[in-house]
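Written out below as structure tokens is the structure these notes cover.
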Amino acid sequence: MSRIKVLPDLLVNKIAAGEVIERPASVVKELVENSIDAGATHIGVTIEDGGKQLIRVTDDGLGMTAEDLRLAVTPHATSKISQEDDLFNIATLGFRGEALPSIGAVSHLRIVSRPKDCIEGAEIVVSAERIESASAAGCRPGTTIEVRDLFFNVPARRKFLKTNATEVGHINEQVARMALAHRDIGFELTNNGRSTHKLPGGVGIRERIGALYGADLADDLIAIERAERGLHIEGYVAPPARSRSTPAGQYFLLNGRFIRDKFVQHAVREAYRGLMEQSRHPVVFLFLTIDPSLVDVNVHPTKIEVRWQDSNMVHSQVLGALRDKFLRTDLTPALNAGPPAAEAGAFRRAVESADADEMRRAAADFFKTMPPRTADAPAVFTRPTREGGAAAPQAPTERTPGEVGPEVWQALYGRSEGTPSGSAVHPPFEATAGKGDFAAGIGAGYERPRRALQVHNSYLVVESDDGLMIIDQHALHERIMYDKLRREIVDGPLESQRLLLPETMSATAREMALAQEHADLLHQLGVEVEPFGADTLAIQSFPSILKNVDATSFLRDLLDRLAEKGTQTHAEEVIHDVLDMMSCKAAVKAGDPLTAEEIDALIAQKGLVEKSSNCPHGRPTTLRLTINDLEKQFKRK
Ligand code: ADP
Ligand code: MG
């Protein structure tokens, strides 16, 4: 890094001006990036009151002289680039020279710094853009930057800051992104006097992921590597069973910088196609390295987006790297099954070693842990009936036709209430009296099904008065569930069930904060969670309707949704969104075999849901084909 100089006007204009400082987390990002650019090996981040009161970043990097300090707080002063060509060949995180002056304009900023070869350090204090003082200071080599009272002079901005817990969540996320990219550097985060993260430097990717997100996930990741056409890709990708409901678990790091990129994201989605539901998002960590001249990072003020010289190449390389790995190894059985962590780890190791025999053995061991299914269908190749959980046993096949067991009610309505267990119950449309809430629901809209047939365990073909209907079983059931939940939530919290043993979930600070912040909403949904130590949530109660759904993965998805939606939308919208998700999870899936009784029960409910031709996601639930259409097709008319 060379000395600081003011950029020529022309170059200044080339750099689009933009808002860099939005919230405490943006300050942390800019300061830590500067420390990284200064060659630090250890970076300490201290915050108080969510960073609103104080943000302090300390490093052992290059340091600055008194003269440097004055320039550092001057707009468009940077030591990182000096001519236009440099803009297209950026190897540092910073280059725009706007972070420190921007921060100095909206806070009380104090910098103390000392280059290694100077015996004395220097200090500068800036408040609302004005240099308050500049003096000599005794300090260790390196730099400490303190930002106090962020936005004290911009009340509008300050008002928009969220609770301390939420702001800490954002800060954690920023630090995690930088820590993922720079494993050679040690990081320590201190929040209100308590050390919350201690990440030793000089570690590998898997180790760093483990330190940030838990060894459980890190151990499960599948390593991917490819270097072709000038792009080096190193990836650590999670099995589909770890998918999330938002892309929050996707980390793309390009040349040491966290980016969001639609090409890379799309390539990842493509690679996982068919391995998980389309609405899910895989958890992936991708580290891309490319010649800096082949990518423009100066398209966004916080540099989170980039412009590729050849985006098609990037897309096809990322897709190829993942797909090759997935194809070379038969992932499907274990991946769909949502394996428990230990077995999954063994399976992952076998997959990585790509040794067919070992893989078969690991898979066999793994499936021994699963509950038995029907005698002759090998469990390995049967889809689990509930996402994320172990395969639930199907309704026993030996039951006489027309008999409905409690598990049918369970599957369709999430509770076995109103069904005398074990006794024969006739198909709902014939036995409406006294059958609990199901019977109560049968009214004017009730359609008596004629003949129904399930095809490919996904669609129901039903005779209707004027022809036939083809029903998407998942879409219809989801719609029914959604309607039911929407009606129920109006009357108070959803029916919930207290768990005998609370289920624990390891949670990030952000997730802890979200659970706390949205406790009322969670209660409304029938979910009770309590903090259990600093980084664990204990699920005490859970909605009855989701009895077959894995509680931790549901809660994680729910918190993801709240993180994504909670801050910007109305409570009603959030509830709608969450009910949507709950009904999707509670509903039978495409691929679930249904008994004749389950099919009948489903169709009997069809008439009850208004506008039932669309599932909550807007896909149609039913296609109709009239006799007239058929006759036309067969040229009878
Ligand atoms: P940029 O990072 O875009 O150059 P900044 O406003 O963030 O702009 O920083 C201005 C300059 O201050 C940097 O170019 C660098 O020379 C110097 N600087 C900032 N932080 C540090 C630090 N922690 N250690 C050494 N130098 C720093
Ligand atoms: Mg900078």
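Remember, predicted model here, so these are calculated numbers, not experimental data. Numbering of ligands and ligand atoms starts at 1, following listing order.
- Taking all atoms of both residues into account, the shortest heavy-atom contact from A534 to M512 is O-CE, 3.4 Å.
- A donor atom on one side chain and an acceptor atom on the other are not found under 3.5 Å apart for D149 and S107.
- No heavy atom of E30 sits closer than 4.0 Å to any atom of ligand 1.
- Remark: the H232 side chain and the R226 side chain contain no N/O donor-acceptor pair separated by less than 3.5 Å.
- Residue L100 places at least one N or O, backbone or side chain, under 3.5 Å from an N or O of ligand 1.
- For the residue pair Y236/Y251, the side-chain donor-acceptor check at 3.5 Å is not satisfied.
- For the residue pair D296 / W308, no side-chain donor-acceptor distance below 3.5 Å is found, with atom types taken as modelled.
- Between the side chains of N164 and K52, at least one donor-acceptor pair of N or O atoms lies under 3.5 Å.
- At a threshold of 2.8 Å, the Mg ion (ligand 2) has a backbone or side-chain N, O or S atom of N34 nearer than that distance.
- For the side chain to side chain donor-acceptor pair (under 3.5 Å) with H281, the qualifying choice from Q265, R269, Q250 is R269, the only one to do so.
- For ligand 1, the atoms sitting less than 4.0 Å from at least one non-hydrogen atom of P101 are 6 (O), numbered in the order shown with element in parentheses.
- Of all atoms in ligand 1, listed by their number and element, those nearer than 4.0 Å to a heavy atom of A99 are 6 (O), 7 (O).
- When non-hydrogen atoms are compared, ligand 1 lies under 4.0 Å from the backbone of T78 as well as from its side chain.
- Contacts with ligand 1 closer than 4.0 Å are made by side-chain heavy atoms of D59 only, the backbone lying farther away.
- Checking A72, P115, P75 against atom 12 (O) of ligand 1, the nearest heavy atom belongs to A72.
- Residue S79 has at least one nitrogen or oxygen atom sitting less than 3.5 Å from a nitrogen or oxygen atom of ligand 1, judged on distance alone.
- Only side-chain heavy atoms of A38 come within less than 4.0 Å of ligand 1; its backbone N, CA, C and O stay farther off.
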